[in-house]
Structures are given as structure tokens and as C-alpha cells.
Number of protein chains: 2
Amino acid sequence: MENPVKTTEERILEAAKRVFHAKGYDGARMQEIADEAGVNKSLVHYYYRNKDNIFQAVFEDAFAQLIAALNEIFISERTFPSKIETFISYYVTFLSKNPYLPLFILNGLYEKPEQIKTMFEKIHLSPDHLMQQIHLQVKEELNLDIDPFHIFINILALSIFPVVARPLIQTIFGFSNEQIGQFYEERKTVVPEFILNALKGYEKR
Amino acid sequence: MENPVKTTEERILEAAKRVFHAKGYDGARMQEIADEAGVNKSLVHYYYRNKDNIFQAVFEDAFAQLIAALNEIFISERTFPSKIETFISYYVTFLSKNPYLPLFILNGLYEKPEQIKTMFEKIHLSPDHLMQQIHLQVKEELNLDIDPFHIFINILALSIFPVVARPLIQTIFGFSNEQIGQFYEERKTVVPEFILNALKGYEKR
DNA sequence: ACTACCTTTGACCACCTGGTTAAACCAAAT
DNA sequence: ATTTGGTTTAACCAGGTGGTCAAAGGTAGT
């Protein structure tokens with residue numbers, strides 16, 4: 001840590017993250033962000049002009065965090081099974097530390113889907129390139145008889161959904177925080193195993 | 001249809017569903033619900049007293065719709081593979097007709113997780129019984145070496161997530177409405193196949 | 001001491017929000 | 001025709017909302 005002392009602007013942004021992540025755009029209050037940052041409400045407007053602006057900053061940050069790892073791992077030089085394992089393990093850990101993030105993102109996307117593409121350019125990330133990589137590996141490395149796109153979506157679904165649905169799982173089945181932690185821990189091995197087992201069924205002989 | 005003429009109360013509830021599903025609790029406006037129903041705002045209060053009340057009515061209805069099918073199918077007399085197929089097919093169809101529902105539910109659960117259990121009782125539904133059924137089938141009918149709970153969550157994840165993430169998928173990969181419809185259609189066969197392929201890997205020999 | 005510039009604050013405002021109320025409406029019963 | 005009861009409306013209100021603004025504070029250069 002070079003500069004542990006946060007600037008006011010950073011403190012406001014972090015406060016905004018906490019508030020927006022937990023309450024969403026409509027539920028968040030500028031006053032609450034200010035309180036959370038320990039500053040006057042006008043100061044929030046001073047640095048970010050209006051609610052839309054600061055929300056966008058928060059959203060882009062969250063989106064970048066979620067997407068960056070995905071891209072990095074799937075573009076790397078590993079074998080496909082290794083990528084899946086690395087990805088799931090990383091995502092489950094990351095998401096259970098930031099449980100609000102995925103739902104926050106999904107909600108944001110319903111409201112302003114247009115901005116996604118420009119956001120991808122900002123992060124220097126190409127969906128086509130990513131899919132092309134996955135396609136290559138599924139078709140040429142493993143020679144599987146299945147649409148790579150469905151595999152990709154399945155990987156995301158199995159990693160993300162259980163985190164998003166945490167309150168559902170926890171209340172319905174009465175899991176304690178420890179138990180749900182244990183459950184997520186298990187998924188790091190269960191999910192890659194599940195996916196690789198499934199892929200075996202698609203092997204062309 | 002015995003009585004195609006809707007009462008005012010029903011029209012208000014349906015308007016409220018549309019508004020709440022699309023905008024969530026905080027984003028919804030009592031005025032908008034009234035407009036959508038074509039009535040005066042006071043009428044909404046006349047029938048439902050306050051915003052919390054009408055939201056709860058909408059939420060319970062949505063939750064019941066989503067849970068009912070799940071329970072019905074998994075308690076039925078089919079074989080496990082048939083259940084999976086039936087469930088996925090039904091869910092994908094139902095959800096793509098009601099794309100806002102799952103995200104609406106997930107958001108609601110973050111805000112008021114306590115009410116879930118009472119809601120289960122209202123619908124006469126026992127999570128324990130459901131899990132017990134799945135446990136029996138996975139362990140005794142198929143004799144698989146995997147925790148049934150993870151399978152259950154995987155089934156939900158693979159059915160629900162792609163619908164929730166529709167805006168993400170559609171914008172990132174530039175799918176038209178037709179293409180995404182085609183994609184969901186494919187999933188009705190791809191997902192059961194994927195799951196059953198995976199389960200084969202867990203067969204005890 | 002003065003200036004110049006960025007930062008921070010309290011007071012304020014126009015507008016919107018959920019909610020209330022009293023009066024009007026209207027169909028059925030008397 | 002009048003009463004009665006549920007239904008529907010317009011007008012209104014208190015509190016909260018995002019946002020503005022002028023002034024005060026603070027800091028570095030002169």
C-alpha cells in the first residue's frame with residue numbers, strides 16, 4: 001500500500017459502492033452516501049455532480065471487477081478443464097465475499113443495457129474474442145459435440161446463481177452462515193467436477 | 001373463463017404486478033400503478049391501504065407461481081430424468097414469458113428474507129419434503145455418488161440464470177429477440193442432456 | 001498580509017412521494 | 001323518493017428527494 005490515506009473522493013466512492021450495492025439505484029439516498037462517507041451531502045455533488053454520475057462510476061467498477069477475472073482466466077494458456085476449475089474457484093470465493101455484486105449488476109443491466117458495449121471497450125475486452133477462445137478449446141482441444149456458447153452460459157450459471165440466490169437457499173433450508181460457507185466451499189470442487197463429467201458425455205469417439 | 005370482467009381490485013393488482021415486476025419496490029410509484037390500472041390513486045390505497053401491502057400481495061403471487069411448478073413436478077411419480085426434463089422445459093417456457101419474475105423475487109428476498117417460511121406454509125409446501133424426494137431418487141433410484149442438494153441447486157441455476165441474465169447475454173453477444181428465443185428453445189434439450197450427462201459420471205459401478 | 005484556488009459546509013428550494021380526507025357518485029333496498 | 005352502503009374522485013398535506021448556492025475554511029505561493 002503506497003498511500004493508505006484515502007482522498008475524500010475515494011471515500012465517497014467507496015461509501016457509494018456500499019450503499020448502491022445494498023440498496024440499488026432507486027433505494028439509495030444521496031444523504032446516506034454522504035453520511036456513510038462522513039461528509040456533507042453537497043460534497044458528494046461537488047465530486048460527482050449528480051446521482052446518475054456516481055451510480056455509473058460504481059456500476060462500471062463492479063462490472064469491471066466481475067468481467068476482468070472471467071476474461072483473464074479464459075484467455076490464459078491453461079487447458080480447458082484447468083480454466084474451468086480456476087474460474088469457479090476464483091468466482092465462488094470472490095462472489096461470496098461480495099454477495100451483493102452480481103444482483104446489483106443484473107439489476108443495472110435491466111435498466112441501462114445500452115452502456116454495456118462501451119463498457120467492454122473501456123475494459124479492453126472483446127466478447128467475440130472470448131467466445132472464439134472457448135470455441136477453439138471446446139471444438140479442437142476437446143472435440144466435443146455441443147455448442148460452446150451453452151457451455152459458457154452453464155459455467156456462469158453454476159458459478160453465479162448460487163451466490164445470487166443465497167437468501168433463498170439460506171432461509172428455505174435454514175442454513176447458518178457457517179453452513180452456507182461450507183456449501184460454497186464444496187461448490188469449488190463439485191461444480192468443476194459436474195461440468196467435466198457432463199462434457200465427457202459429449203466426446204466424439 | 002367464467003367471469004371475464006375483471007373487478008377493479010383485480011385490475012389494480014395486475015397493474016401493480018406489471019409495475020413492481022419491472023421497477024422493483026423502490027422504483028415503483030403508487031401513481032404509476034393507478035395510471036396503469038386506469039383509476040385514481042386513492043383507489044389503490046382504498047383496496048390495499050399502503051405500498052407495503054400491495055407489494056406483499058404481488059410478491060406472494062410471484063413466489064407462489066415460481067415455486068408451485070417446482071414442487072408439483074418434483075413430487076410427481078415420474079422418473080428422475082423425466083422430472084428434470086419436464087421441469088426445465090416448463091421453467092424455461094414460463095420464465096421467458098415472465099422474464100422479470102426471477103430477478104424480482106431475488107431482489108425481494110434480499111429485502112425481507114424472514115417472510116419466506118410463512119409463505120411456504122401458505123402454499124402448503126415443505127422444503128424438507130421436496131429435498132427428501134430428491135434425495136431418495138438420487139440415492140436409491142439412481143444410486144449416485146453426489147450430494148443431492150448440489151444437484152438441486154444446479155438444476156435451478158441452469159434453468160433460472162440464463163433468463164435472469166438475458167440483458168447481459170443479449171447485449172454482449174448482440175442477439176436479436178429471435179435469436180435469444182432460439183437460444184432458450186435450445187436450452188430445453190441442451191440443459192437436461194447436460195445434467196443427465198453429468199450424472200452419469202457419478203454412477204457407482 | 002494578501003491573493004488565488006480548491007475544498008467543505010449549512011441553508012435553502014422546487015418537486016415528488018406515500019398517504020389522508022371529505023365529498024361526490026351510484027346501485028340496490030326500503 | 002329516500003336511505004344506505006360500498007365505490008370513486010379531487011384536493012390536500014407532511015416529509016423526503018436530488019440538487020443549488022453563497023459563504024466559510026484551509027493551504028500554498030507571493
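Just the heavy atoms: all of them, side chains too, but no hydrogens, waters or symmetry mates, feed the values below. Chain naming here is simple, since letters A, B, ... match the order of the sequence lines and numbering starts at 1 in each.
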Separation of A/Gln31 atom CD from C/dT17 atom P, in whole Å?
-> 19 Å
Length of the OH-P vector between B/Tyr47 and C/dG18, whole Å = 20 Å
Rounded to whole angstroms, how far apart are CZ on A/Arg49 and P on D/dC21?
-> 13 Å
Criterion side-chain hydrogen bond (donor to acceptor under 3.5 Å, both in side chains) against A/Glu36, the qualifying member of A/Arg11, A/Arg18, A/Lys17, A/Arg29 = A/Arg18
Classify the nucleic acid contact of B/Ala28 as base, sugar-phosphate or nothing, counting any heavy atom under 4.0 Å across all strands shown.
-> sugar-phosphate
Under 3.5 Å side-chain donor-acceptor pair for B/Asp52 and B/Gln56 | no
Under 4.0 angstrom between A/Asn40 side-chain N/O and C/dG10 OP1 or OP2 = yes
Rounded to the nearest Å, what distance is computed from the CD1 atom of residue A/Ile54 to the P atom of nucleotide D/dG19?
-> 11 Å
Quickly work out the A/Ile33 CD1 to D/dT17 P distance and round it to whole Å.
-> 12 Å
Within a radius of less than 6.0 Å around CD of B/Glu141, do more than 12 heavy atoms belonging to other residues, nucleotides or ligands occur?
-> yes
Nucleotide nearest A/His45 when distance is taken to its side chain, options C/dT20, D/dT20, D/dT8 = D/dT20
So, is B/Tyr46 close to the C/dG19 phosphate, meaning a side-chain N or O under 4.0 Å from OP1 or OP2?
-> no
Would you please say whether a donor-acceptor pair under 3.5 Å links the side chains of A/Glu193 and A/Asn197?
-> no
Can you find a donor-acceptor N/O pair under 3.5 angstrom joining the side chain of A/Lys51 to the base of D/dG19?
-> no
How long is the line joining CG of B/Asp26 and C1' of C/dG18, in whole Å?
-> 13 Å
For A/Arg29 and for A/Ser42, locate the closest nucleotide of DNA chain D by heavy-atom distance; then report the residue assigned to the nucleotide nearer the 5' terminus.
-> A/Arg29
Step by step, would you call A/Glu111 with A/Asn107 a side chain to side chain donor-acceptor pair (under 3.5 Å)?
-> CA-CA 7 Å; A/Glu111 287 155 24; A/Asn107 280 315; over 6 Å; no
Contact under 4.0 Å: B/Thr8 side-chain N or O vs D/dT8 OP1/OP2 | yes
Would you kindly give the CE-to-P distance between A/Met30 and C/dC12, to the nearest whole Å?
-> 21 Å
Given atom CG of A/Leu43 and atom C1' of D/dG19, what is their separation to the nearest angstrom?
-> 14 Å
Base, sugar-phosphate alone, or nothing: which one does A/Tyr48 contact when heavy atoms must sit under 4.0 Å apart?
-> nothing
